[in-house]
Amino acid sequence: APCQNDIICKDGLYCDWENGTCAKIRPAGAPCSAGNECGKEGSCQPTNGGGFACAPLPKEGEYCYLDCAEGLRCQWDLTKSTCLPGICTQL
């Protein structure tokens with residue numbers, strides 16, 4: 001189906017912005033570029049080869065690029081990024 005965002009696509013699908021249609025979510029290890037192709041439970045992470053691939057969302061204490069498992073935030077510093085519990089996530 002045609003799409004402009006992931007909300008329009010059914011469960012198990014994402015909006016492939018390159019061709020404007022819903023496509024099947026990619027499994028762990030599959031190449032990715034935009035991040036949404038890995039689904040809600042996945043994350044587009046850098047690989048050792050210099051590219052990006054879908055991976056499960058990182059858990060507490062694990063390396064993160066942008067995303068973490070629910071309830072965690074990717075905390076950046078100068079040497080590495082780690083998933084940690086969010087501080088003051090609600091007021």
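The analysis underlying the following values was restricted to heavy atoms, covering all of them including side chains, and did not include hydrogens, waters or symmetry mates.
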J.: Which atom names give the shortest non-hydrogen contact between Tyr14 and Lys24, and what distance separates them?
T.: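 Looks like CE2-O, 3.3 Å.
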J.: Going by heavy atoms in the side chains, are Leu84 and Gln75 under 4.5 Å from each other?
T.: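 The answer is yes; the side chains approach within 4.5 Å.
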J.: For Tyr65, which fellow cluster members are found when Ile, Leu, Val, Met, Phe, Trp and Tyr are connected by side-chain heavy-atom distances below 4.5 angstrom, either directly or through intermediates?
T.: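 Direct or chained contacts put Tyr65 with Phe52, Tyr63, Leu66, Trp76.
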J.: Kindly indicate, with the supporting measurements, whether the criterion side-chain contact (heavy atoms from CB on, under 4.5 Å) is fulfilled by Glu60 and Leu72.
T.: CA-CA 7 Å; Glu60 187 171 348; Leu72 302 174; 3.9 Å; yes
J.: What do you reckon, Cys74 and Cys83 SGs under 2.5 Å?
T.: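 Cys74 does not pair with Cys83 as a disulfide (SG atoms not under 2.5 Å apart), so no.
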J.: Write down the atom of Cys22, the atom of Cys3, and the distance for their closest heavy-atom approach.
T.: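 For Cys22 versus Cys3, the nearest heavy atoms are N-SG, 3.7 Å.
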J.: Ignoring hydrogens and angles, write down the donor-acceptor pairs under 3.5 Å from the side chains of residues 6-13, residues two or more places apart or on other chains.
T.:
unit_1	atom_1	unit_2	atom_2	d
Asp6	OD1	Cys15	N	2.7
Asp6	OD1	Asn36	ND2	2.9
Asp6	OD2	Asn36	ND2	3.4

J.: Pick one: which of Gln45, Glu41, Arg26 meets side chain to side chain contact (heavy atoms under 4.5 Å, CB included) with Cys54?
T.: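 Result for side chain to side chain contact (heavy atoms under 4.5 Å, CB included) with Cys54: Arg26.
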J.: Go through Ser43 and Cys38 one step at a time and tell me if the side-chain contact (heavy atoms from CB on, under 4.5 Å) criterion holds.
T.: CA-CA 6 Å; Ser43 177; Cys38 302; 5.8 Å; no
J.: Taking all non-hydrogen atoms of both residues into account, name the closest pair between Cys44 and Ser33 and its distance.
T.: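 For Cys44 versus Ser33, the nearest heavy atoms are SG-N, 3.8 Å.
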J.: Do any N or O atoms from the side chain of Glu18 and from the backbone of Asp16 form a donor-acceptor pair under 3.5 angstrom?
T.: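 No; zero donor-acceptor contacts below 3.5 Å.
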